[in-house]
Amino acid sequence: MGNETVVVAETSGSIKVAVVVCLLRGQNVLLGRRRSSLGDSTFSLPSGHLEFGESFEECAARELKEETDLDIGKIELLTVTNNLFLDEAKPSQYVAVFMRAVLADPRQEPQNIEPKFCDGWGWYEWDNLPKPLFWPLENVVQDGFNPFPT
Ligand code: 8DG
Ligand code: MG
């Protein structure tokens with residue numbers, strides 16, 4: 001048994017569920033640059049913690065509204081990732097649920113509602129994503145994940 005197993009056991013706390021929103025508009029997806037102890041200055045999809053009693057869809061709609069003021073139309077479950085953040089002062093584990101969504105009104109533009117946590121939102125092509133990506137996102141991209149319908 002290696003050291004890694006010991007570290008996980010010593011730091012085990014609650015496992016959190018995050019909902020990550022792939023908001024698609026035409027060929028573009030919405031990303032923002034994080035202001036956070038986790039992944040500071042990296043680009044990530046809008047996301048947040050699942051709250052007690054919420055569905056994934058409700059969480060995605062709430063987080064997107066809180067962070068960008070945007071309203072979601074159709075929304076679907078895409079995939080799930082399991083991420084360990086062991087290098088932090090407070091190690092954590094997240095199950096990240098990826099949702100695909102489109103805007104209720106495609107003309108609506110994102111607002112940066114939480115400037116303390118995000119530098120601003122922008123639309124990017126999947127084949128030309130900004131760098132650096134938040135590492136859990138970089139990992140799924142490397143694994144071939146693509147939120148656009150085929
Ligand atoms: P809240 O307190 O407002 O509910 O949450 P938040 O402050 O908006 O949380 P967040 O950092 O935006 O998102 C929750 C966590 O999700 C984040 O700290 C790390 C985790 N996470 C993963 N994988 C991914 C991913 O691919 N993208 C994003 N954006 N977050 C991810 O484990
Ligand atoms: Mg967030």
Side-chain angles (χ1 to χ4, degrees), residues 4-5 7-9 11-25 27-73 75-104 108-150:
E4 205 181 331
T5 312
V7 171
V8 173
T11 56
S12 65
S14 57
I15 296 168
K16 292 170 246 181
V17 178
V19 172
V20 179
V21 186
C22 302
L23 182 68
L24 309 185
R25 188 177 74 174
Q27 299 306 306
N28 296 322
V29 63
L30 190 74
L31 293 169
R33 194 143 66 157
R34 297 173 68 83
R35 284 284 161 236
S36 166
S37 53
L38 267 192
D40 194 46
S41 283
T42 62
F43 287 87
S44 81
L45 298 158
S47 59
H49 297 84
L50 186 70
E51 292 182 356
F52 183 79
E54 261 182 344
S55 68
F56 298 145
E57 290 80 5
E58 287 165 346
C59 178
R62 176 183 56 75
E63 283 292 342
L64 200 71
K65 187 75 183 170
E66 285 175 8
E67 298 184 357
T68 69
D69 197 38
L70 293 171
D71 300 299
I72 279 179
I75 178 156
E76 301 154 273
L77 176 68
L78 288 181
T79 192
V80 179
T81 64
N82 185 6
N83 305 294
L84 267 178
F85 299 88
L86 291 179
D87 294 339
E88 309 304 314
K90 243 181 137 189
S92 57
Q93 180 169 2
Y94 279 93
V95 173
V97 178
F98 282 71
M99 307 295 289
R100 165 167 69 212
V102 292
L103 289 168
Q108 204 186 357
E109 289 296 339
Q111 309 297 320
N112 193 17
I113 305 290
E114 297 180 328
K116 272 205 301 204
F117 302 116
C118 178
D119 279 344
W121 299 102
W123 298 101
Y124 299 90
E125 288 178 10
W126 195 255
D127 292 340
N128 195 15
L129 293 172
K131 292 199 170 17
L133 292 177
F134 187 30
W135 72 257
L137 177 60
E138 178 67 36
N139 283 359
V140 278
V141 171
Q142 292 298 330
D143 286 348
F145 170 75
N146 185 324
F148 287 84
T150 45

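Both ligands and their constituent atoms are indexed starting at 1 by order of listing.
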Can Glu67 and Arg62 be counted as an ion pair, charged N to O under 4.0 angstrom?
-> no
Has Ser47 got an N/O/S atom less than 2.8 Å from the Mg ion (ligand 2)?
-> yes
Has Glu114 got an N/O/S atom less than 2.8 Å from the Mg ion (ligand 2)?
-> no
Taking atom types as modelled and ignoring hydrogens, do the side chains of Asn82 and Gln93 form a donor-acceptor contact shorter than 3.5 angstrom?
-> yes
Counting only heavy atoms not in Glu114, do more than 12 sit closer than 6.0 Å to its CD atom?
-> yes
Could you label the plane-to-plane angle of the Trp135 and Phe85 rings as parallel, tilted or perpendicular, counting under 30° as parallel and over 60° as perpendicular?
-> tilted
Report yes or no: does Arg100 contribute a side-chain atom to a donor-acceptor pair with the main-chain N or O of Pro147 at less than 3.5 Å?
-> yes
Within 6.0 Å of CD in Glu109, more than 12 heavy atoms from elsewhere | yes
Test: Arg34 and Asp40 ion pair at under 4.0 Å = no
Atom nearest to the Mg ion (ligand 2) - Glu67, N, O or S atoms considered | OE2
Which protein residues have a heavy atom closer than 4.0 Å to any atom of ligand 1, listed by chain and number?
-> Ala18, Val20, Arg34, Leu38, Ser44, Leu45, Ser47, Gly48, His49, Glu63, Glu67, Asn83, Phe85, Tyr94, Ala96, Phe98, Phe134, Pro136, Leu137
